[in-house]
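Written out below as structure tokens is the structure these notes cover.
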Amino acid sequence: MTTQELADSYNELFQQRKVTEIYEQLYSADIVCTEPEHALAMGVPTVTKGIEAVLAKSKARQELIAEVHSFFCSQPVVGGNYFSVAMGRDVTLKNGQRLQLAEIAVFGVKDDKIITETFFY
């Protein structure tokens, strides 16, 4: 699978809100996720290593959300073994707070799997 094909699969699954399938089908077991330093203030670790830890982080975030009002993911832009997307969500948390989130995600690809993801927000 080329980086473009993987990026297209990511986008298609994201549009269908099939997050579990993205992790199962496209991510390496050795994935490394990097978040910005200010994520620590929100209780999000800046580096998460391994698919189990990334899945746990994703599940913990999802459990905070009461309602998703809208979400988006741009078409991927591919450069070499990387692709990026702009993405965002409008959500209401279980504590009643409504958030509009927007970020850029950059994914590194090797051996037909996503091996790194870096978020900028």
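All heavy atoms count here, side chains included; hydrogens, waters and symmetry mates do not. Owing to the predicted nature of the structure, the values given are computational and were not obtained by experimental measurement.
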As an exercise, state the distance from [atom1] of [X] to [atom2] of [Y], rounded to the nearest 0.5 Å.
X	Y	atom1	atom2	value
Glu117	Ser84	CD	OG	13.5 Å
Leu55	Thr20	CG	OG1	7.5 Å
Asp112	Ser9	CG	OG	10.5 Å
Arg89	Cys73	CZ	SG	10.5 Å
Ile114	Cys33	CD1	SG	11.0 Å
Leu99	Leu64	CG	CG	10.0 Å

Taking side-chain hydrogen bond (donor to acceptor under 3.5 Å, both in side chains) as the definition, give me every residue that meets it alongside [X], ordered by chain and number, with sequence neighbours left out.
X	result
Gln4	Asp8
Lys110	none
Gln100	Asp90
Gln97	none

Flag yes if [X] and [Y] sit in one hydrophobic cluster, no otherwise; membership is Ile, Leu, Val, Met, Phe, Trp, Tyr, and two members link when side-chain heavy atoms are under 4.5 Å apart.
X	Y	value
Leu40	Val44	no
Val109	Val78	yes
Tyr27	Val106	no

So, do [X] and [Y] sit near enough that their side-chain heavy atoms are less than 4.5 Å apart?
X	Y	value
Val32	Val47	yes
Gln25	Ile22	no
Leu93	Ile65	yes
Gln75	Asn11	yes

Item to complete: Verify side chain to side chain contact (heavy atoms under 4.5 Å, CB included) between Phe119 and Ile104, making sure each step is shown before the conclusion.
Response: CA-CA 6 Å; Phe119 296 104; Ile104 299 291; over 6 Å; no
Fill in: Partners passing side-chain contact (heavy atoms from CB on, under 4.5 Å) against Glu5 (at least two apart in sequence or in another chain)
Met1, Thr2
Pairs where [range] contributes a residue and the test ring-ring contact (aromatic ring centres under 6.0 Å, His included) is met, not counting sequence neighbours:
range	answer
residues 62-81	Phe14-Phe71
residues 73-104	Tyr10-Phe83, Phe83-Phe107
residues 31-66	His38-Tyr121

Worksheet item: Checking side chain to side chain contact (heavy atoms under 4.5 Å, CB included) for the pair Thr116/Thr34: CA distance, chi angles, key distance, verdict?
Response: CA-CA 8 Å; Thr116 61; Thr34 306; over 6 Å; no
Practice prompt. Using the side-chain hydrogen bond (donor to acceptor under 3.5 Å, both in side chains) rule, pick out the option among Gln15, Gln16, Glu21 that qualifies with Lys18.
Written response: Gln16
If every non-hydrogen atom of [X] is compared with every non-hydrogen atom of [Y], which pair is closest and at what distance?
X	Y	result
Val85	Pro76	CG1-CA, 3.7 Å
Ala105	Met87	CB-SD, 4.3 Å
Ile51	Ser28	CB-O, 4.0 Å

Item to complete: Ignoring hydrogens and angles, tell me if any N or O in the side chain of Glu103 forms a donor-acceptor pair with the backbone of Ala86 under 3.5 Å.
Response: no
Discussion item. Phe120: which residues meet the ring pair (Phe, Tyr, Trp, His ring centres under 6.0 Å) condition with it, sequence neighbours left out?
Written reply: none
Practice prompt. Can you tell me which residue pairs pass the salt bridge (charged side-chain N to carboxylate O under 4.0 Å, His left out) test with a partner in residues 22-31, sequence neighbours excluded?
Written response: none
Practice prompt. Under the salt bridge (charged side-chain N to carboxylate O under 4.0 Å, His left out) rule, collect the residues that match up with Lys57, sequence neighbours excluded.
Written response: Glu35
Fill in: Pairs meeting criterion side chain to side chain donor-acceptor pair (under 3.5 Å) with involvement of residues 40-49, two or more places apart
none
